[in-house]
Engineer: 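Take a look at the following structure, please.
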Amino acid sequence: MARTLKTARQDIYKRLVEDGDEDNTIFKYNYELFSLGVIYGYFHGEQKTVNAEERSQDFIKLSDITPEEHRQTIELVYQMVKVESEKTDESEIWKEVLDYADQGVELIDEGISTQGDFDLVGIVQGANAEDWESRLIDSLGDPGELEGVRPK
């Protein structure tokens with residue numbers, strides 16, 4: 001299955017992603033906003049559930065994204081969703097990833113609207129290591145309880 005980046009929030013992408021000669025946009029490419037949105041939505045544990053018809057905007061296939069860090073971020077969330085949901089159908093797992101991305105993009109847009117600016121540092125600081133650690137332990141189990149793993 002080819003995983004294609006899609007959104008139901010074209011309006012937000014049009015405002016925040018560069019379109020030709022606009023100097024006041026925050027992101028240069030749609031996949032940049034998508035990768036931040038998916039990790040932000042996943043971190044907050046929130047999904048925006050939409051119908052497939054609402055996701056009319058296709059951006060790019062995941063395999064065609066050349067900056068590896070963006071592709072790896074999206075792939076990380078995909079693998080985490082796969083583990084958490086215990087689903088086997090790739091299209092169902094990918095739909096959940098798209099749901100996280102749309103919700104994350106909405107949260108980013110709300111933050112920009114509220115603050116009047118984009119605060120990437122605030123987003124990163126808000127995602128502290130303890131929260132990620134507990135989310136990973138909830139999903140994957142405590143590595144300290146695995147046989148042969150040294151404690152911290």
Side-chain angles (χ1 to χ4, degrees), residues 1-19 22 24-50 52 54-115 117-143 146 149 152:
M1 178 195 118
R3 292 180 278 169
T4 303
L5 278 58
K6 301 178 180 193
T7 187
R9 296 309 316 258
Q10 299 93 325
D11 57 322
I12 296 174
Y13 281 83
K14 285 180 182 176
R15 273 197 317 277
L16 300 181
V17 178
E18 183 178 300
D19 185 21
E22 294 184 36
N24 60 346
T25 55
I26 297 170
F27 300 91
K28 187 170 182 176
Y29 301 106
N30 287 330
Y31 63 78
E32 293 174 337
L33 176 55
F34 184 96
S35 67
L36 181 60
V38 76
I39 200 79
Y40 198 56
Y42 180 80
F43 174 74
H44 285 283
E46 299 178 23
Q47 296 179 4
K48 176 166 185 67
T49 306
V50 297
E54 294 179 75
R55 283 205 174 89
S56 59
Q57 182 65 47
D58 294 4
F59 301 143
I60 187 172
K61 289 180 182 172
L62 181 61
S63 59
D64 292 341
I65 297 174
T66 52
E68 199 166 307
E69 63 272 8
H70 292 287
R71 193 174 59 248
Q72 288 174 345
T73 298
I74 298 164
E75 184 63 35
L76 170 69
V77 173
Y78 177 83
Q79 293 300 327
M80 293 302 298
V81 169
K82 188 175 182 178
V83 168
E84 285 181 347
S85 70
E86 298 180 4
K87 293 180 180 177
T88 56
D89 185 316
E90 288 186 22
S91 62
E92 289 180 24
I93 297 166
W94 185 244
K95 183 193 174 309
E96 285 193 41
V97 171
L98 296 174
D99 290 344
Y100 277 122
D102 278 345
Q103 184 63 35
V105 166
E106 283 188 5
L107 291 171
I108 291 167
D109 188 51
E110 286 173 16
I112 292 169
S113 297
T114 304
Q115 300 166 5
D117 198 3
F118 180 63
D119 184 14
L120 179 61
V121 173
I123 289 172
V124 172
Q125 287 176 338
N128 63 50
E130 292 81 21
D131 292 338
W132 273 108
E133 185 176 346
S134 66
R135 180 86 188 259
L136 291 172
I137 288 172
D138 290 345
S139 298
L140 304 173
D142 188 343
L146 297 174
V149 176
K152 289 188 204 180

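Computation of the quantities below employed the complete heavy-atom set of this structure, encompassing side-chain atoms and omitting hydrogens, waters and symmetry-equivalent molecules.
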Engineer: Please determine which of L33, V97, I65 meets the side-chain contact (heavy atoms from CB on, under 4.5 Å) test together with L5.
Structural biologist: I65
Engineer: Run the side chain to side chain contact (heavy atoms under 4.5 Å, CB included) test against E69 and tell me which residues pass, sequence neighbours left out.
Structural biologist: P67
Engineer: Hey, is E75 close enough to R3 for a salt bridge, meaning N to O under 4.0 Å?
Structural biologist: yes
Engineer: Determine the interplanar angle of the Y29 and Y31 rings, folded into 0 to 90°, and report it as parallel if under 30°, tilted if 30 to 60°, perpendicular if over 60°.
Structural biologist: parallel
Engineer: Below 4.0 angstrom, N of the basic side chain to O of the carboxylate: do R71 and E68 qualify?
Structural biologist: yes
Engineer: Which distance, rounded to the nearest 0.5 Å, do you find between the CE of M80 and the CD1 of I39?
Structural biologist: 9.0 Å
Engineer: Between Q103 and D99, does a side chain to side chain contact (heavy atoms under 4.5 Å, CB included) hold up when you go through it step by step?
Structural biologist: CA-CA 6 Å; Q103 184 63 35; D99 290 344; over 6 Å; no
Engineer: Testing the basics here: between K82 and I93, what is the closest heavy-atom pair and its distance to 0.1 Å?
Structural biologist: CG-CD1, 3.6 Å
Engineer: Could you tell me which non-hydrogen atom of T7 sits nearest to which non-hydrogen atom of Y13, and how far apart they are?
Structural biologist: OG1-CE1, 3.4 Å
Engineer: Under a 3.5 Å distance rule, please check whether S35 uses its side chain to pair with a backbone N or O of E32 as donor and acceptor.
Structural biologist: yes
Engineer: Could you tell me whether a side-chain N or O of D102 sits under 3.5 Å from a main-chain N or O of A8, the two making a donor and an acceptor?
Structural biologist: yes
Engineer: Does any part of the side chain of L98, heavy atoms only, come nearer than 4.5 Å to the side chain of F34, both counted from C-beta?
Structural biologist: yes
Engineer: In this structure, are over 12 heavy atoms from other groups packed under 6.0 Å from F27 atom CZ?
Structural biologist: yes
Engineer: Return the set of residues passing side-chain hydrogen bond (donor to acceptor under 3.5 Å, both in side chains) with E106 (not counting sequence neighbours), or none when no residue passes.
Structural biologist: R9, K48
Engineer: Start with the C-alpha distance between I112 and R15, add both sets of side-chain angles, then the distance that settles side chain to side chain contact (heavy atoms under 4.5 Å, CB included), and finish with yes or no.
Structural biologist: CA-CA 11 Å; I112 292 169; R15 273 197 317 277; over 6 Å; no
Engineer: Describe, in one word, how the ring planes of W94 and Y78 are oriented to each other, choosing from parallel (under 30°), tilted (30 to 60°) and perpendicular (over 60°).
Structural biologist: tilted
Engineer: Before giving the answer on side chain to side chain contact (heavy atoms under 4.5 Å, CB included), spell out for T4 and K6 the whole-Å C-alpha distance, their side-chain angles and the decisive distance to 0.1 Å.
Structural biologist: CA-CA 6 Å; T4 303; K6 301 178 180 193; 4.2 Å; yes
Engineer: What's the verdict on side chain to side chain contact (heavy atoms under 4.5 Å, CB included) for L36 and I108, showing C-alpha distance, side-chain angles and the deciding distance?
Structural biologist: CA-CA 9 Å; L36 181 60; I108 291 167; 3.7 Å; yes
Engineer: Walk me through it: do Y42 and E96 pass the test side-chain hydrogen bond (donor to acceptor under 3.5 Å, both in side chains)?
Structural biologist: CA-CA 10 Å; Y42 180 80; E96 285 193 41; over 6 Å; no
Engineer: Nearest 0.5 Å please: distance from the CG atom of L62 over to the CD atom of Q72.
Structural biologist: 10.5 Å
